[in-house]
Protein chains: 2
Amino acid sequence: MVRAQEGPRARYREQTRSEIKQTALGQLAESGVGALALTRVAKEMGLSGPALYRYFANRDDLLSALIRDAYDDAAAAVGQAAAEAEARGRSPRERLRELADAYRAWAIDEPHRYLLIQGAPVPGYVAPDDTRGRARAVLGPFLPVFANGTPEAGLAALVVEMTDWLAEDESVGAWVAEYAPDVLGDLRAPSYALAGTVLVWAQLHGSVGLEAAGNFTGMGHGGGTLLMAQLNLLADAFALR
Amino acid sequence: MVRAQEGPRARYREQTRSEIKQTALGQLAESGVGALALTRVAKEMGLSGPALYRYFANRDDLLSALIRDAYDDAAAAVGQAAAEAEARGRSPRERLRELADAYRAWAIDEPHRYLLIQGAPVPGYVAPDDTRGRARAVLGPFLPVFANGTPEAGLAALVVEMTDWLAEDESVGAWVAEYAPDVLGDLRAPSYALAGTVLVWAQLHGSVGLEAAGNFTGMGHGGGTLLMAQLNLLADAFALR
DNA sequence: CGCTGGAGTTATGCTCCGTAACTATTGAAA
DNA sequence: TTTCAATAGTTACGGAGCATAACTCCAGCG
């Protein structure tokens, strides 16, 4: 993370930046996004006010950094689960379950960070360009899971739309190629992979989002069961082994 | 809405309240939740500052009113779709589709209002008590759709959890009784209805939430197709006619 | 027809964002 | 080792916005 060759100046700077982010995360967890105040972060760190502007251009810049980190963390969690599943020779069905579980576990463990990337429509805030790529990195490991599945009839329209999407936007093909390279020769597999991934994306967003926002309190801890139920439907719909 | 017997004073008051809400909604659509500022609402109305405090205790109170209205509107949209489907003698499968479509249509038509109730985790804001009831009113019409379905094996765990939930929380049974009264005699139907409704809740939250937050821009207009695909899976899983 | 209560006003204090102008430290080059 | 320029930090400031207090004014009620 910290490169020594860049000298003590840069190192110290990076350390402070990370300390700021840490403090900001703490306040985020306590009081929510809207309450994130540069002044308060500074005060909590023993600094005073404008000092933080040396490290982040403004509040949105700090927020962007936190969001970037959250994406990267989520991607790492899912990616690690994928690597483990690979190493253990899991079936597609098991892999789907384990990947989704890793995603959910990360989200529930730090709901405030999840809510940050969950699509939380922060007011005038415009997501930086690299957000799309980072979001795709989170979902990428799901692509190979569905690449060998066969979607049932009810998903035909979605598959068609995915095919169109592939034709329209080159970056989508590149995304598939990066995470499911062994499927490029097949004509239909990329569309299948995309359809399954988009579906799992929506399902994760749905059940994990509701859970992270606290909508399940008072109804047992339904989050896991609900997600598993949805995954079962999805796995069946793709006839995953 | 406005009761004449309460005299001109009360009527005028109610009218101003509603004008405030209207103006606030406009700013909400333009600049997002976080940017909702009492001062700016007042200025746009030609009033100045503290005048609004006659009508709303504070910013959160105004927000609460907007959220309440949004829930009621959504419930009305879904409820009306249910009434129409009833009148036309739709099959459960068709009803599911039409109810979900009505929900989505309302949400996409006014995304800012949808995002308000979507679980948008407003910072220190705590939802008033009646929120739960209003949320349930939105989803209630889905209950009878699933009451006569038969959930497939993969949903067993979820059904069990719903049964537990029914046993623990009386209000849940009352909710089912209100929207699907003809099912009370049956032992399993209420759990089935709940399982289906919770699933459709999560699916709606997933796909409509992503669409409303703008995550589908640049991939065709996938919102409708995605939702339909999910509904097909769900209808199949409950063997809906 | 008086008067009370509600509508609206200005004034004030607080918090926070973000900029400007300044000081002091310290790493790095000569 | 000495100098010096970049960097970390400071106080001072102006602008928004929330919320309260104290006031004026008017209209509907009795």
Side-chain angles (χ1 to χ4, degrees), chain A residues 2-28 30-67 122-126, chain B residues 2-28 30-67 122-126:
Chain A
V2 177
R3 274 175 264 174
Q5 28 167 260
E6 287 181 2
R9 218 80 182 247
R11 177 165 27 190
Y12 184 64
R13 179 180 178 79
E14 203 50 43
Q15 182 182 327
T16 317
R17 253 182 87 96
S18 127
E19 190 183 340
I20 292 172
K21 290 195 286 190
Q22 213 51 41
T23 313
L25 277 180
Q27 298 193 357
L28 211 64
E30 266 183 30
S31 329
V33 197
L36 181 62
L38 287 193
T39 308
R40 288 203 341 210
V41 173
K43 192 181 291 179
E44 185 175 331
M45 291 179 63
L47 296 182
S48 256
L52 294 204
Y53 285 83
R54 294 263 168 211
Y55 299 92
F56 295 94
N58 50 39
R59 187 180 171 281
D60 278 6
D61 189 31
L62 172 55
L63 212 51
S64 287
L66 295 179
I67 290 175
V122 184
Y125 174 81
V126 280
Chain B
V2 177
R3 276 175 263 176
Q5 31 168 256
E6 288 180 2
R9 216 79 183 248
R11 177 167 25 189
Y12 185 64
R13 179 181 179 78
E14 202 49 45
Q15 184 184 324
T16 317
R17 254 183 86 96
S18 125
E19 190 183 340
I20 292 173
K21 290 196 284 189
Q22 212 52 42
T23 312
L25 278 182
Q27 298 193 357
L28 211 64
E30 265 184 31
S31 330
V33 197
L36 181 63
L38 286 194
T39 307
R40 286 204 341 209
V41 173
K43 191 179 294 179
E44 185 175 332
M45 291 179 63
L47 297 182
S48 258
L52 294 203
Y53 285 83
R54 293 265 166 209
Y55 300 92
F56 295 95
N58 50 40
R59 186 180 172 280
D60 277 8
D61 189 30
L62 171 55
L63 213 50
S64 287
L66 295 180
I67 290 175
V122 186
Y125 175 79
V126 281

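Proteins get letters first, then strands, A, B, ... in listed order; numbering begins at 1 in each.
When heavy atoms are screened at a 4.0 angstrom cut-off, B:L52 is found touching no nucleic acid atom at all. Among the protein residues, B:L36 comes within range of the sugar-phosphate backbone only, with heavy atoms under 4.0 Å from sugar or phosphate atoms but none that close to a base.
Side-chain contact check for B:N58 versus B:L38: every heavy-atom pair is 4.5 Å or farther apart.
For B:K43 and D:dC18, the NZ to P distance is 11 Å, given to the nearest whole Å. We find that CD of A:Q15 is positioned 18 Å from P of D:dT7, with the value rounded to whole Å. Note: CG (B:L63) to P (D:dA19) measures 11 Å, nearest angstrom. Taking atom CG of residue A:N58 and atom P of nucleotide C:dC16, one finds them 17 Å apart after rounding to whole Å. In this structure, the CZ atom of B:R11 is 15 Å from the C1' atom of D:dA27, given to the nearest Å. Between A:D61 atom CG and C:dC17 atom P the separation is 14 Å, expressed in whole Å. Between B:R17 atom CZ and C:dG6 atom C1' there is a gap of 15 Å when expressed in whole angstrom units. For B:E44 and D:dG17, the CD to C1' distance is 16 Å, given to the nearest whole Å.
Shown are B:T16, B:V41, B:T23; of these, the side chain to side chain contact (heavy atoms under 4.5 Å, CB included) with B:L52 is made only by B:V41.
Atoms OH and CD, on B:Y55 and B:E19 in that order, are 9.5 Å from each other to the nearest 0.5 Å. With values rounded to the nearest 0.5 angstrom, A:R13 atom CZ is found 13.0 Å from A:S18 atom OG.
The nucleotide whose nearest atom lies closest to any side-chain atom of A:R40 is, among C:dC17, D:dA19, C:dC16, C:dC16.
Across all their heavy atoms, A:G34 and A:R59 have their closest contact at O-NH2, 3.8 Å. Between A:Q27 and A:A37, the closest heavy-atom pair is OE1-O, 4.0 Å. Here the shortest heavy-atom pairing between B:A35 and B:R40 reads O-NH2, 3.7 Å.
Residue A:T39 has no polar side-chain atom (N or O) positioned under 4.0 Å from OP1 or OP2 of C:dT15. Regarding contacts with the backbone of C:dG18, every side-chain N or O of A:R59 stays at 4.0 angstrom or more from both OP1 and OP2.
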Contacts under 3.5 Å, N or O only, protein and nucleotides 8-12 of chain C:
| unit_1 | atom_1 | unit_2 | atom_2 | d |
| --- | --- | --- | --- | --- |
| C:dG8 | OP2 | B:Y55 | OH | 2.7 |
| C:dG8 | N7 | B:R54 | NE | 3.1 |
| C:dG8 | O6 | B:R54 | NH2 | 2.6 |
| C:dT9 | OP2 | B:S48 | N | 3.2 |
| C:dT9 | OP2 | B:S48 | O | 3.4 |

